[in-house]
Each structure stands twice: as structure tokens, then as C-alpha cells.
Number of protein chains: 2
Amino acid sequence: MKEPERGYMMLKQRTGDLKLIQELNRSIILDTIRKNGPISRSEIAKLINISPTTVTSAVSEIISEGLVYEDGVGTSSGGRKPVLLRFNPDTHSIIGVSITNSYIRIADMNLEGKILKKVVHPTNQLKGHEIIELILDVVDQFLMQKADLDYCQGISIISPGIVDAENGVITYNTKLNLYGIPLKKLIEEKTNLPVFLDNDANAFVLAENYFGLFSKYKDILYITIGEGVGSGMMVNGSIYRGFLGSSGEMGHTTIVDGGLKCSCGNRGCLENYVNWPAIYSRIVTAIISQNRDTVIKEMVSGDLTRLKPDIFVEAVNRQDDLAWEIMEDILNYLSIAITNTIHFFNPEVIILSGEIVQDNPLFLDAINEKVVRKVIPTLRDQVNIQSTSLGSEFELLGAAAVILHGKFKFQMM
Amino acid sequence: MKEPERGYMMLKQRTGDLKLIQELNRSIILDTIRKNGPISRSEIAKLINISPTTVTSAVSEIISEGLVYEDGVGTSSGGRKPVLLRFNPDTHSIIGVSITNSYIRIADMNLEGKILKKVVHPTNQLKGHEIIELILDVVDQFLMQKADLDYCQGISIISPGIVDAENGVITYNTKLNLYGIPLKKLIEEKTNLPVFLDNDANAFVLAENYFGLFSKYKDILYITIGEGVGSGMMVNGSIYRGFLGSSGEMGHTTIVDGGLKCSCGNRGCLENYVNWPAIYSRIVTAIISQNRDTVIKEMVSGDLTRLKPDIFVEAVNRQDDLAWEIMEDILNYLSIAITNTIHFFNPEVIILSGEIVQDNPLFLDAINEKVVRKVIPTLRDQVNIQSTSLGSEFELLGAAAVILHGKFKFQMM
DNA sequence: TTTCTTTCTCCAGTGGTTTTATTAAGTTTG
DNA sequence: CAAACTTAATAAAACCACTGGAGAAAGAAA
């Protein structure tokens, strides 16, 4: 084999053949059934503008794979009744693993993200190689108890920090002290199942788009506020990962020039002003050093170790002065960061998640209002900040969505 | 025709048929010839991994359209000599129009962006409807003098501000006082040629990718610093426009909380700290009010109306104290904004343009260094800020790239 | 000259989609 | 209630872009 003599400027691109057409059409048809089922063959044909014959042949293949089944007949306005097709989420299963700073969650799910079995394991503050060991153990044990792995589509792991999804490596995670861990490889070797690894916020966007209320949007920004502030973005229907998987570090946006020192080495990062540790320490300082009067004192019965985000949210709802003061500050910082991203990126919708946002409609209203006031006038009507739509199991749904999106959404590349 | 009874959740998606395959392959083959020509049929087949037969048939069609021609034979290492194919940029022409605050540029270009005829018209500070009239006149006159419009692919107009490319409307442009102007429609009615309208920064990214040195990148951020600060982004090989075409307003990123008042109604926008008017007024203040000593005084021979960006750049290069002081500040503000976008978006490359960047390698080195120091540690090696690669006619090349990218780069949607 | 290479093209075959019936299974109407 | 009309699903045939093999074209090497 000879090397080409000239250096060619080509990005590898898939060329077109019959296989490509079929793959594309099959994927569109399956997705149509999943989203709109029960639906008849002829309805699909009309909906996506494809010939009935193609639908018939694609559907019969999908049915033989078990992903779809016929489920009775529908009504007719003067003709043969349509045979209704329905997506069957139970022929295959997915194992989702969510790694956070406090817990490792693992679950067996069907293709609709319904949890069949779940185990939550505390991280016990383990870090570095110890937590990797723990993850391997937890996965191993979980698989031991699962009888049938033949229909398992794979293991999907999501983790905060910078993740190289293509190569399955956790590149950078200060809080868990993980740098360059080839987790995909480690688990694939142990389990012989295909393993997918992705950033948590990226997975959450996919889940909101795949399972949640945001399936009609193609450009979405997802912001999660917890121990850190992470972001994930969907652009044109696909996750945007950035160079080597390192977009979405929104928590390290400089919000205050020369402000608080951050673990990243910089100063004034958003994260340090709005994450839970920041809120916690402000409350503690106010109570202990400044002897401030607040309902929080009673709510934790004097025991500040019982102070958790939901207590703060509750205090806000009870119109507590201290809580409101802190929330106002959070809103100010956050609204600057969000306004900046709107000016720069302007997605169709921004989804906020995190314990201090959850069940806190006051927060959502206030942030919308503040951002509308900050944004340049023409964009005012476009500000659309909403709360997550996935409920409490959003982490595992995120993991599931990574596999499902990859399998069921056709992508050119 | 009956309306469907249920609301369907479907994004319109193109389904696969033979036409799609052919379109895709033809586009890949044409692009291969354009980028790598002169090149033989068999080389193309090997390069993009497609059958020689397909190449032959696609090429003969492209040749009959005039877009490609056979140009002699190449060398062989023991066999029939290959027939070389070359892209023919002169069978069709493009009319590019660039609108800025000071000038309207219009040019007739070939398919490689070579300018065949150019007219530059000052805007004479016209605004609102008057400048629209002027644009219509300028285009009209230019077309009158162009003999043959049959082979003209269309008119591509680029403009700063928020532009709705899909509908061809200038949505928002404070400096020219334009709001909701359906420019595409206005010009199509007058000329009967297809008209394309896009944001300038978006067009520049396309041009850097299509004509310039950045064709190997698929995720690019382009920042232009002039009278304002605009940005354009390419994501996964396509322009990202944001909701209703309003991404890229990077100039209105809040950089100083509670800082200078901005025309957008906000405070502390980046634009007000780094654009030319800001630099200009700082120099003037320093010279007149503070009586500062600087080489700029001599360079403009005491006449401050002659102070232009190139003089400032020259002063920086001559190590003038005042100029350096100002540049340091600009670098600081800009590096914050760039660092933020890297954390959020992290493209493979950031391209800077604008008069104070052009021919100013000191600036480029300094901004790279400052951003490297600000960015979170793992991203340090990935910082890649470069200068525009298109020379002085980048505006018209941008306009050309809009049409060429649309015509020659296959897109699914 | 003969043999080997390499390029390009013709031709039959493959396998998707579409178009055009055809069949199945109804509803509606006089 | 039978004839006429509708609608759904499939079958058969036509279509057409790609592929692979055969072969022609054109030249290099021995």
C-alpha cells in the first residue's frame, strides 16, 4: 500500500449509498412511532411524506426486531380501519450509571427510561482511584444480580467535569480528583458490554429532549446548579461537546473581576457565588457571627448540619429576610451569566436544574424577570428560562438518553 | 383536505431517497475537486472511499454543467496516465454586498471569490430608510453595468447586527437605525435575482472556513472588534444562528458589573471598553485633559481627527506608554470575555479580526498568553487564538462564502 | 514486442424507493 | 341490504443510484 504523495485536505465524510437511505428512513419511522404512537402505517406515511410501501417494509423489519408491535385497530371515517403501531420499550434494556460527588446511582431501565431496578451507593467521600474501584465494584455487583444480559444495549455512565465522550475518558474532575481515567475501557474489560461515557449536563439535555417536554427544541442550553455549576448544550439537535469534550464549564465564567478565589486558580468564578456551599456558608456566617434572626434557625432546630437546600428553598417561600437576601444575590450573579450566554448563544430555551431551583417557582419567575431586564431589547420576547421537566430520576434518565439518542436518532457522521 | 385530528410532535426532516444519495455524493466529489484539484477520478474514488464508477458518472455531470474541466494528464508510475480535473470558478458569478457603518461595498466575484469588479460607496452617515434607499440604488447601478446576469448565482448581502437569515430581514441594528427591514424581499423585487442576507460575522466564519486557512476546523468562534464587537460561530461545520438569528451579540457581554452605560440599555458591556470609539476617546482625553506625553501627538501632527486605528497600532509597536496602557486594559477585558466563551463553548480555534488586531502580532501573542493564564488548567493547551487569514477583502469574501457554502456544501436540512 | 499497471468506462446486478395496481375491510347511502 | 364509496395495507413492476467485474485505453517496464 502506497501513501498518497500529497497531503489532502479532507474531513472524513460519509458518502451516500442505499444503506444510508434505509438507515435514515428506518430511524425516522421508528422515532415517529415512539413519539406519536399508537399510529397507523398510512398515518406515518402522510406525516413524514414517504411512500406507504416504504413504511410497510421498514415497519415489518422493526416489528421482527421487537421494537414495535401491532396494537389493535383505530377508527375510520369510511374505509378499512387502520392497524395501530406502538413502540415496545421492554424488549431491550439499558444500564445507567450516574456518578456525583455524593452518590453512585445505578439502574436497569427499559427503552422508555422506566426504572426496573435501582441501587444507590454513597461515595463516602472517596476520591481518585478509590472511587474508581468503588464504581467498578458497584457495576459488577449490579450485573451479577441481573439475570439476562443478552438484551442489554449497554452501560451508560455519566459524570460531572470534563469528559472525553469519544474515547470514554474522564479528563478532569477536581472534586473527585479524577484525571485521565479511561473508565469506558475499564468497565468494558470487566463486563463485555458496550460502555458509553458522557458528561452529566450533556446527558441531561439529551434526556430533556428525548424524554421530557423539550423535544420540539433543537437548540437548548441546560444549566445545573449544585455543588458546581455545569452546562450542556444541544445545537441543531446534537450535543455540542467542544474541543476534546470540554465545553460547558459555565461555573468558571468570571462574574466578578478580581473576586473570590476559585479552585480552578481563577478569581470571581460564577460557581463560588451561587453553588450550595456558598449559600450554606453565608447562612452559617449570618447566624453564628452576625447573630441574624431567621426562620432557618427554627427549621433546623438549631442543628446547622441539618441545613440542606430544601430548607433554604422553604425559607425563601416563607419570605425569610436572610434567605431572600441571599437569593437576590444569587439571582443577580446568575442573571448576568445567563444574559451573557443569551447574547452569545441565544438558544430557544434555557433549562435550569438543581435543588435550589426545583420546586421553587419564585426563583424561576425572578430569574426570567431579571434576565428580561438585562438582555438587549430585541431579545426580550425570546427569553425563555424553564425548569427541568424530568422529575427526581433525571440523572438515570440522562444516562439512558445517551444510549437511546445514539441508537435511535440518525446522525450523518 | 382534512386537518389531522391529533397534534403531532414532529420536526420536519428530510427522508432518504435516491436523489439524496446522489446530491450528497455529487457535493462531496465537487468539494474534493475544488479543494484538492487538480486531481484524477481514481484519486477521488480512493480519497473519499467511493466506487470509481460513481465518480465517473458524477464528474461527467459536473463537467457538463461547466463547474469542472479536464486539464491535461498527470504522472503515472506504470500505467495509464490520469486525466486531471480542475474546478472552474469562472462559469458562474456571485454579487457580494457588504454593509458597514461607513461603507457599502459591492463586487462581482467568481466562484473562488476573485473580485472581477468592485465599487465602494460611503454611507455618508445616512441611517434608517435613507441608507436602505442608498443600498437599493447602489445595487441597481452596479447591475446596470454588468452585462450578463444569466450566470449570476445571486446577490449575497451581509450586515452587522441581528439578521434573520431565513427570512432575509435585518431585525436590529442600532448604529444604522434599522429595525425589521425585509431587505431580501426589497432587492429580489427590484432585481429578479435570488438574494441572500446574513450577519457579517457569520459570513466571515464561513469565509475563513471556505476560502481561508481554517477549513480543517468544524467548530470555530470568530470575534470582530471594530465599532462594535460581534461574533459568529460555526458548530459542526454549519453556522449557528441562534433563536431567530440573534446569537453572536458578544459585544453586549457584561464585563464590568455596574460599569459604563451602553446603548443597549445595560451597563458594563464589553463593547464599550474595547471598541475603537472607546480607544479614541481615551487617547483624546489623555492628550487634551491630562496633557499626556505620547508619540501619537507627533504621528497625527497635532490633528486628532487624523487619529485612526492603524496609528494606535503603530504607537503600540513603537512602545508608546499611553498606547500600551490602553492596550493592556483592552487585553484584560477581552481576555475575560474570551476565557468565558472558552469555558462555555471551547471551540477548536478562535479567530480575531478588526483593525486593532490586524498587523498587530503583539496583540495576538498577548491575548493568547493572558487567556492561557485565565483558563482552567486542563484547557491551557487547547487555547488557540489566531488572526484572520483572508486579507483586506474579507468582507466581500464573506458575502461570497454565504452563497458558496449554501450551494456546494451538502446539508441534510 | 510482450507483459504489467493504472485509469477510465460499460454493463449487469443489487437493493433501496416509488408508482401503480390489487386486495382487505370497512362506512355510507339510496 | 346491496351497491358505491373510502381508507389501509400490500404486491408487482418500474426506477434509479451505487457496486463490482470485465474490458478498453493508454502508457511503463522488461
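Chain A is the first sequence line, chain B the second, and so forth, proteins listed ahead of strands; every chain is numbered from 1.
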Inset, instruction - Describe the nucleic acid contact of A:Val83 in one word from base, sugar-phosphate, nothing, applying a heavy-atom distance below 4.0 Å. - result: sugar-phosphate

Inset, instruction - Decide, yes or no, whether a salt bridge links B:Arg41 with B:Glu70 under the criterion of side-chain N to carboxylate O below 4.0 Å. - result: yes

Legend entry - All ring-ring contact (aromatic ring centres under 6.0 Å, His included) counterparts of B:Phe204, not counting sequence neighbours: B:Tyr222, B:Phe394

Inset, instruction - Check each residue of residues 51-69 of chain B for a non-hydrogen atom within less than 4.0 Å of any atom in DNA chain D, then write out the ones that pass by number, or none. - result: B:Ser51, B:Thr53, B:Thr54

Inset, instruction - Taking side chain to side chain contact (heavy atoms under 4.5 Å, CB included) as the test, write out the residues that go with B:Asn88, two or more places apart. - result: B:Tyr69, B:Asp90, B:Thr91

Legend entry - Distance below 4.0 Å between B:Arg41 side-chain N/O and C:dT6 OP1 or OP2: no

Legend entry - For DNA chain C, the residues among residues 18-27 of chain B that have a non-hydrogen atom under 4.0 Å from it: B:Leu18

Inset, instruction - Would you mind reading off the distance between B:Asp17 atom CG and D:dC16 atom C1', rounded to a whole angstrom? - result: 11 Å

Inset, instruction - Identify the residue among B:Asp198, B:Val163, B:Val195, B:Ile95 that makes a side chain to side chain contact (heavy atoms under 4.5 Å, CB included) with B:Ile157. - result: B:Val195

Legend entry - B:Asp148, CG atom: more than 12 neighbouring heavy atoms under 6.0 Å: yes

Inset, instruction - Kindly write out the residues that satisfy side chain to side chain contact (heavy atoms under 4.5 Å, CB included) with B:Asp17, not counting sequence neighbours, or none if the list is empty. - result: B:Lys19, B:Leu20

Legend entry - Atom-to-atom span, CD1 of A:Ile48 to P of C:dT17 - whole angstrom: 10 Å

Legend entry - B/S/- contact track for nucleotides 22-30 of chain C, protein heavy atom under 4.0 Å: --BBBS---

Inset, instruction - Please report, rounded to the nearest Å, how far the C1' atom of D:dA17 is from the CD1 atom of B:Ile50. - result: 10 Å

Legend entry - Distance, rounded to the nearest Å, where B:Leu84 contributes CG and C:dT6 contributes P: 17 Å

Inset, instruction - In whole angstrom, give the distance that lies between atom CD of B:Glu43 and atom P of C:dT5. - result: 19 Å

Inset, instruction - Flag the pair A:Met233 / A:Ile239 as yes when at least one side-chain heavy-atom distance between them is below 4.5 Å, and no otherwise. - result: no

Inset, instruction - Kindly check if the number of other-residue, nucleotide or ligand heavy atoms within 6.0 Å of CD (B:Glu166) is above 12? - result: no

Legend entry - Side chain proximity check, B:Met234 to B:Lys218, heavy atoms < 4.5 angstrom: no

Inset, instruction - Answer yes when A:Glu189 and A:Lys184 have at least one side-chain N-carboxylate O distance shorter than 4.0 Å, and no when they do not. - result: no

Legend entry - Over-ring placement of B:Arg26 relative to B:Phe410, 6.0 Å and 45° cut-offs: no

